[in-house]
Amino acid sequence: GAVVSQHPSRVICKSGTSVKIECRSLDFQATTMFWYRQFPKQSLMLMATSNEGSKATYEQGVEKDKFLINHASLTLSTLTVTSAHPEDSSFYICSARDGGTSTDTQYFGPGTRLTVL
Amino acid sequence: AQSVTQLDSQVPVFEEAPVELRCNYSSSVSVYLFWYVQYPNQGLQLLLKYLSGSTLVKGINGFEAEFNKSQTSFHLRKPSVHISDTAEYFCAVTLYNFNKFYFGSGTKLNVKP
């Protein structure tokens with residue numbers, strides 16, 4: 001099946017710094033990528049939807065200036081958490097939708113655990 | 001608006017026993033239904049999906065689910081579980097454009113020897 005990778009898998013940073021998380025579709029072109037956030041013992045909450053070459057669409061309550069999303073190519077989307085604070089600590093998961101044959105399914109990356117000290 | 005309810009947060013079961021993980025959804029329009037599994041510190045893996053056709057859907061690892069429109073349910077079943085099935089399972093729905101997925105709160109399946 002389709003594979004989505006994320007890098008890094010874990011990151012620890014100091015409060016006030018910025019962290020970039022990469023999401024790549026390895027064997028298909030992802031016209032649309034999604035970023036989710038998962039708090040401990042909770043489900044996934046969609047943060048934003050990004051389409052290649054255009055601005056991301058953010059869900060209500062998600063700060064655009066804090067969570068910068070760039071979908072520069074059909075295989076890469078990045079999420080940058082700017083001026084991170086401890087409350088931003090979470091598990092961030094990206095997913096990608098195949099623009100070709102499997103447009104009905106989102107393929108999920110393995111996630112990135114962010115810890116802000 | 002759409003919502004997904006997974007009533008059981010945890011389900012303990014002995015190895016080789018059958019299991020059913022419940023999922024109910026609420027929507028004013030037609031939806032498509034999915035089950036995903038998440039192993040510790042990993043992303044989600046698709047187990048199965050219902051788009052149309054037969055209401056009984058078979059997925060990977062011996063799992064199956066049945067779509068019941070009248071009861072707005074999509075329960076996941078497996079006749080005989082293994083230790084390796086220990087994980088968290090998420091039910092999700094999406095609309096025709098397959099963009100926004102609405103996830104349930106998850107059910108932790110704990111298979112005991």
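In what follows, every heavy atom counts, from backbone to side chain, and hydrogens, waters and symmetry copies are set aside. Small disclaimer: the values here were computed from a predicted structure and weren't measured. Numbered from 1 within each chain, the chains take letters A, B, ... in sequence-line order.
At most 12 non-hydrogen atoms from other residues, nucleotides or ligands lie less than 6.0 angstrom from NE2 of H7(A). Environment of NZ in K55(A): sparse, with no more than 12 heavy atoms of neighbouring residues, nucleotides or ligands closer than 6.0 Å.
Only the side chain of Y36(B) comes within less than 4.5 Å of a heavy atom in chain A; its backbone stays farther off. Only the side chain of I93(A) comes within less than 4.5 Å of a heavy atom of chain B; its backbone N, CA, C and O stay farther away. Interface remark: E59(A) contributes side-chain atoms only to the contact with chain B (heavy atom separation under 4.5 Å). Both the backbone and the side chain of L44(B) come within contact range of chain A, with heavy atoms under 4.5 Å apart. With a 4.5 Å cut-off on non-hydrogen atoms, Q6(B) does not touch chain A at all. Heavy-atom distances place no part of Y32(B) under 4.5 Å from chain A, backbone and side chain included.
Under the 4.5 Å side-chain heavy-atom criterion for grouping Ile, Leu, Val, Met, Phe, Trp and Tyr, Y50(B) is connected to I60(B) within one hydrophobic cluster. I83(B) is connected to V37(B) through a chain of hydrophobic side-chain contacts under 4.5 Å among Ile, Leu, Val, Met, Phe, Trp and Tyr, so both are in one cluster. Under the 4.5 Å side-chain contact rule for hydrophobic residues, Y25(B) and L95(B) share a cluster. Following chains of ILVMFWY side-chain contacts shorter than 4.5 Å, one cannot reach L76(B) starting from F14(B), and the two form parts of different hydrophobic clusters. With hydrophobic clusters built from ILVMFWY side chains whose heavy atoms lie under 4.5 angstrom apart, F91(A) shares a cluster with Y39(B).
For the atom pair OH of Y102(B) and CG of L44(A), the computed distance is 14.5 Å after rounding to the nearest 0.5 Å. Note: Q38(A) CD to E88(B) CD = 6.5 Å, rounded to the nearest 0.5 Å. We find the NZ-CZ distance between K100(B) and F34(A) to be 11.5 Å, quoted to the nearest 0.5 Å. Note that CZ of F108(A) is 6.0 Å distant from CZ of F101(B), once rounded to the nearest 0.5 Å.
Proximity of a side-chain donor or acceptor of S43(A) to a complementary backbone N or O of G104(B) within less than 3.5 Å is detected.
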Exercise. Would you please test Y107(A) and Q45(B) for side-chain contact (heavy atoms from CB on, under 4.5 Å) and show each step?
Key: CA-CA 7 Å; Y107(A) 298 97; Q45(B) 179 183 1; over 6 Å; no
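Ring centroids of F103(B) and Y36(A) are separated by less than 6.0 Å, placing the two rings close together.
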